[in-house]
Asks: 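Could you have a look at this structure, given as structure tokens, before my questions?
Throughout, numbering of the chain's residues begins at 1 and tracks the sequence. Worth knowing before you read on, the calculation uses all heavy atoms, side chains too, and leaves out hydrogens, waters and symmetry mates.
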Amino acid sequence: MMKMNKLVSIILGSDSDLSVMKDAVDVLDEFGVENEILVISAHRNPEGLTEHIKESSAKVFIGAAGGAAHLPGVIAAQTAAPVIGVPIKTKNMEGLDSLLSIAQMPAGVPVATVAINGSRNAGILAVQILAISDETLKNKLVDFKNTMREGVEKKSKKLQEIGVDQYLSEKK
């Protein structure tokens, strides 16, 4: 594998997870955070995963996996960098199996876990981690949160002005 010099390394266990994980890529791109996205299965290519983790200069890893969802934990077992796990929704258990597999890591091998299919929050959390030592990213996060607050305030004001029925009819 070729060495990448990205701040965030997003690793998928399967390319079927790509449509979910695009939101993480989009968020990182919006904040100007260099990132990479790779498909490396913890089960089907364990040596490749180990090689990537050891050679990567990433400051944060995001691992996405469904079902048994071992990928984020396998990443966390091999790096001192923060690892964010994204449980992917599954057919059999709607992603609950993935969520529990990622959240229930043994002591000493933590994985920050977001909601099922919550890759947007994984991207934001990665930015927050990086912003600890990057004032520019911190300022972008403050602006981002202010924009969200202003949007909610605008919606609340509109709701108060036009009432529930009209507000809901306009949302259709």
Asks: Is the NZ atom of Lys140 crowded by more than 12 outside heavy atoms at less than 6.0 Å?
Replies: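 For Lys140, atom NZ is crowded (more than 12 foreign heavy atoms under 6.0 Å).
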
Asks: Side chain to side chain donor-acceptor pair (under 3.5 Å) with Lys145: which residues, sequence neighbours excluded?
Replies: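 For Lys145 there are no side chain to side chain donor-acceptor pair (under 3.5 Å) partners, ignoring immediate neighbours.
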
Asks: List for me each residue that meets side chain to side chain donor-acceptor pair (under 3.5 Å) alongside Lys158, sequence neighbours excluded, and say none if there are none.
Replies: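 Counting only residues at least two positions away or on another chain, Lys158 forms a side chain to side chain donor-acceptor pair (under 3.5 Å) with Glu170.
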
Asks: I'd like to know if the side chain of Thr50 and the backbone of Pro46 have a donor-acceptor N/O pair within less than 3.5 Å.
Replies: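 At least one qualifying donor-acceptor pair exists.
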
Asks: Could you check whether any side-chain heavy atom of Ile124 comes within less than 4.5 Å of a side-chain heavy atom of Asn121, counting everything from C-beta outward?
Replies: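 Yes, at least one pair of side-chain atoms sits under 4.5 Å.
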
Asks: How long is the straight-line distance from OG of Ser133 back to NZ of Lys59, given to the nearest 0.5 Å?
Replies: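 Separation between the atoms: 8.0 Å.
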
Asks: Under 4.5 Å between any side-chain heavy atoms of Asp17 and Val86, yes or no?
Replies: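 In short, these two side chains do not touch, never coming nearer than 4.5 Å.
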
Asks: Using the rule that two of Ile, Leu, Val, Met, Phe, Trp, Tyr join whenever any of their side-chain heavy atoms come within less than 4.5 Å, decide whether Val114 and Leu100 are in one cluster.
Replies: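 Per the 4.5 Å side-chain linkage, Val114 and Leu100 are not co-clustered.
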
Asks: Any chance you could measure Ile53, atom CD1, to Gln78, atom CD, to the nearest 0.5 Å?
Replies: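 If I round to the nearest 0.5 Å, the distance is 4.0 Å.
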
Asks: Would you say the side chain of Val8 lies within less than 4.5 Å of the side chain of Leu130, judging by non-hydrogen atoms?
Replies: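 Side chain of Leu130 against side chain of Val8, heavy atoms only: contact under 4.5 Å found.
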
Asks: Does any N or O in the side chain of Arg44 come within less than 3.5 Å of the main-chain N or O of Gly13, such that one atom is a donor and the other an acceptor?
Replies: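 Confirmed, Arg44 side chain pairs with Gly13 backbone.
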
Asks: Report the distance from atom OG of Ser41 to atom CD1 of Ile11, rounding to the nearest 0.5 Å.
Replies: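 So the OG of Ser41 and the CD1 of Ile11 are separated by 11.0 Å.
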
Asks: According to the side chain to side chain donor-acceptor pair (under 3.5 Å) rule, which pairs have a member within residues 99-119, sequence neighbours left out?
Replies: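 Listed once each, the pairs would be none.
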
Asks: Can you tell me how far CZ of Phe144 sits from CD of Gln128, rounded to the nearest 0.5 angstrom?
Replies: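 Reported to 0.5 Å precision, the distance equals 8.5 Å.
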
Asks: Please give me the minimum heavy-atom distance between Ser98 and Gly66, naming the atom from each residue.
Replies: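 So the minimum-distance heavy-atom pair works out to OG-CA, 3.2 Å.
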
Asks: Leu141 and Ala131: which non-hydrogen atoms are nearest, and at how many Å?
Replies: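 It is CD1-CB, 3.6 Å.
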
Asks: Does the side chain of Tyr167 come within less than 4.5 Å of Lys155's, by heavy atoms?
Replies: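 Yes - at least one pair of side-chain heavy atoms lies under 4.5 Å apart.
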
Asks: Give a yes or no on this: more than 12 heavy atoms of other residues, nucleotides or ligands lie within 6.0 Å of atom CG of Asn146.
Replies: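 Counting other residues, nucleotides and ligands, CG of Asn146 exceeds 12 neighbours.
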
Asks: Sequence neighbours excluded, which residues qualify as side-chain contact (heavy atoms from CB on, under 4.5 Å) partners of Ile116?
Replies: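 Once residues adjacent in sequence are excluded, the partners of Ile116 under the side-chain contact (heavy atoms from CB on, under 4.5 Å) criterion are Pro87, Lys89, Leu99.
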
Asks: For Thr90, is there any backbone N or O sitting under 3.5 Å from a side-chain donor or acceptor partner on Asn92?
Replies: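 Checking the backbone N and O of Thr90 against the side chain of Asn92, no donor-acceptor pair under 3.5 Å is found.
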
Asks: Do Met148 and Val127 share a hydrophobic cluster (ILVMFWY, side-chain heavy atoms under 4.5 Å, transitive)?
Replies: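 Yes, one cluster joins them.
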
Asks: The criterion is side chain to side chain donor-acceptor pair (under 3.5 Å); which residues satisfy it with Thr79, sequence neighbours excluded?
Replies: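 Testing Thr79 for side chain to side chain donor-acceptor pair (under 3.5 Å), a comparison that skips the adjacent residues, returns none.
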
Asks: Sequence neighbours left out, what passes side chain to side chain donor-acceptor pair (under 3.5 Å) with Asn139? Give chain and number order.
Replies: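 Expected list: none.
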
Asks: With the side chain counted from C-beta on, respond yes when Val60 and Val33 share a heavy-atom pair under 4.5 Å apart, and no when they do not.
Replies: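 Contact flag for Val60/Val33 side chains = no.
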
Asks: What's the shortest heavy-atom distance between Ile40 and Leu71, and which atoms?
Replies: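 Smallest interatomic distance, heavy atoms only, reads O-CD1, 3.6 Å.
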
Asks: Has Ser156 got a side-chain atom pairing as donor or acceptor with Glu153's backbone, closer than 3.5 angstrom?
Replies: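 Flag not set: sc Ser156 to bb Glu153 has no pair under 3.5 Å.
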
Asks: Where is the tightest heavy-atom contact between Asp134 and Thr136, given as atom of each residue plus distance?
Replies: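 The answer is OD1-N, 3.0 Å.
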
Asks: Kindly compute the distance separating CG (Leu49) from NE2 (His43), expressed to the nearest 0.5 Å.
Replies: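 Going from CG on Leu49 over to NE2 on His43, the span is 10.5 Å.
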
Asks: Distance from Leu38 atom CG to Asp15 atom CG, nearest 0.5 Å?
Replies: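 Separation between the atoms: 12.5 Å.
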
Asks: What closest approach, in Å, do Ala64 and Ile88 show between heavy atoms, and which atom pair accounts for it?
Replies: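 Scanning both residues completely, I find the closest heavy atoms to be CB-CD1, 4.1 Å.
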
Asks: How about Asp143: does its CG atom have over 12 heavy atoms from other parts shown lying under 6.0 Å from it?
Replies: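 Enclosed.
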
Asks: Would a single hydrophobic cluster contain both Ile84 and Leu18, if residues Ile, Leu, Val, Met, Phe, Trp and Tyr are joined by side-chain heavy-atom contacts under 4.5 Å?
Replies: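 Linked within one cluster.
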
Asks: Can you name the nearest heavy-atom pair linking Arg120 to Val27, along with the distance?
Replies: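 So the two residues come closest at NH1-CG2, 2.9 Å.
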
